[in-house]
Amino acid sequence: MNQNRGLDREDILHAILGAGLKPLPFSFYSRDTRTVACELLGTYMVRFSPEGTVCGRVVETEAYLGREDPACHSARGPTPRNAVMFGPAGRAYVYFIYGMYYCFNVTTEDEKTPAAVLLRALEPVAGIELMSRRRGTREIKKLCRGPGCLAQALGIDKEINGTSVVDGPVRFYPPLPHDLPGEIAVAPRVGITQAADWPLRYYLKGNPFVSRP
DNA sequence: GATTGGATCGCCT
DNA sequence: GGCGATCCAATCG
């Protein structure tokens, strides 16, 4: 992990923002959803808020393919909730679930394909104090493990829905050279009943911050 | 207007 | 492995 990367956790955010690195552009997201889900692994998800900036390295994602995917919220047509997926790529799709959690997705492809990638787990990188406060735990491994926990640690709620991930309050930055993602594992998605065996979950093999290794 | 069940989590045994 | 918390969107009438 970090001790082998030559940079301390908190330094990585400075390396990203201080070096003037640009967020991944809209063209990154307007591609095949599975490709985006894979290539988001190893990127840095950064949340800017009045309370501070926090950052985590993406280690686990899931692809939701659109109308032909029964598990995707867009499969049965547009509704107020899923409207963002029917818009352009590179927007946050945030929804409320189980009466107490939010899930964060980023839209992919184009207006004709209402698809998205769910962010399931991060390796905490910077803003550990703020994330710990939001989560009510100091255990780093539990800060961003699972989509509900991740959203809570980043202070994400329905206000984030529809915002741009290129110039909005949540953005993604490319992997750093010292920190390129290794081998990717593929598995069925978690917690769904429709299309339960479709292998659309992606995670970094062996990474201890993955929610379900 | 009412009902149902969910892309979860944490605590219990 | 099981279950309760707790809300709202979607569906049905």
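The chains referred to below are lettered A, B, ... by the order of the sequence lines, with proteins before strands, and numbering in each begins at 1.
- One atom, CG of A/Leu150, and another, P of B/dT8, lie 12 Å apart when rounded to the nearest Å.
- Side-chain nitrogen and oxygen atoms of A/Arg120 include at least one within less than 4.0 Å of the OP1 or OP2 phosphate oxygen of B/dT8.
- The CE-P distance, from A/Met100 to B/dG5, rounds to 18 Å in whole Å.
- Searching all strands for a Watson-Crick or G-U wobble partner of C/dG13 with both distances below 3.5 Å returns nothing.
- With rounding to whole Å, A/Ile192 atom CD1 is found 8 Å from B/dA7 atom P.
- Expressed to the nearest 0.5 Å, how far CZ of A/Arg171 lies from OG of A/Ser164 amounts to 7.5 Å.
- Atom OH of A/Tyr202 and atom C1' of B/dA7 are 15 Å apart (whole Å).
- Using the Watson-Crick or G-U wobble rule with both distances under 3.5 Å, C/dT6 pairs with nothing in any strand shown.
- As the counterpart of B/dA7, no nucleotide is assigned, since no Watson-Crick or G-U wobble pattern has both distances under 3.5 Å.
- At whole-Å resolution of the value, CD in A/Glu139 and C1' in B/dC9 are 14 Å apart.
- Here A/Gly148 lies in heavy-atom contact (under 4.0 Å) with sugar-phosphate atoms only.
- Taking atom P on both nucleotides, B/dA2 is separated from C/dT6 by 22 Å, rounded to a whole Å.
- Ring centers of A/Tyr95 and A/Tyr93: under 6.0 Å apart, within the cut-off.
- Atom CD in A/Gln152 sits roughly 11 Å away from atom C1' in B/dT8 (whole-Å rounding).
- Counting heavy atoms of neighbouring residues, nucleotides and ligands inside a 6.0 Å radius, atom CZ of A/Arg138 does not exceed 12 of them.
- Each of A/Ile12, A/Leu122, A/Val125 was checked for a side chain to side chain contact (heavy atoms under 4.5 Å, CB included) with A/Cys55, and the lone residue meeting it is A/Val125.
- Contacts between residues 61-84 of chain A and DNA chain B, defined by a heavy-atom separation below 4.0 Å, involve A/Tyr64, A/Ala71, A/His73, listed by number.
- The pair A/Glu51-A/Arg133 does not meet the salt-bridge criterion, since no charged nitrogen lies less than 4.0 angstrom from a carboxylate oxygen.
- When distances run from any side-chain atom of A/Tyr98 to the nucleotides B/dA7, B/dG10, B/dG6, the shortest one goes to B/dG6.
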- prompt: Yes or no on side-chain hydrogen bond (donor to acceptor under 3.5 Å, both in side chains) for A/Ser49 and A/Arg134, after CA distance, side-chain angles and deciding distance?
  reply: CA-CA 13 Å; A/Ser49 75; A/Arg134 285 170 171 157; 3.1 Å; yes
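- A side-chain donor-acceptor contact under 3.5 Å links A/Asn82 to the backbone of A/His73.
- Transitive grouping of hydrophobic side chains (ILVMFWY, heavy atoms separated by less than 4.5 Å) keeps A/Tyr101 and A/Leu118 in distinct clusters.
- Within a 6.0 Å sphere centred on CD of A/Glu68, heavy atoms belonging to other residues, nucleotides or ligands number more than 12.
- Across all strands shown, A/Arg212 has no heavy atoms under 4.0 Å from either base or sugar-phosphate atoms.
- Once you apply a 4.0 Å limit to the heavy atoms of chain A, the touched nucleotides of DNA chain C run 5' to 3' over C/dA5 to C/dT11.
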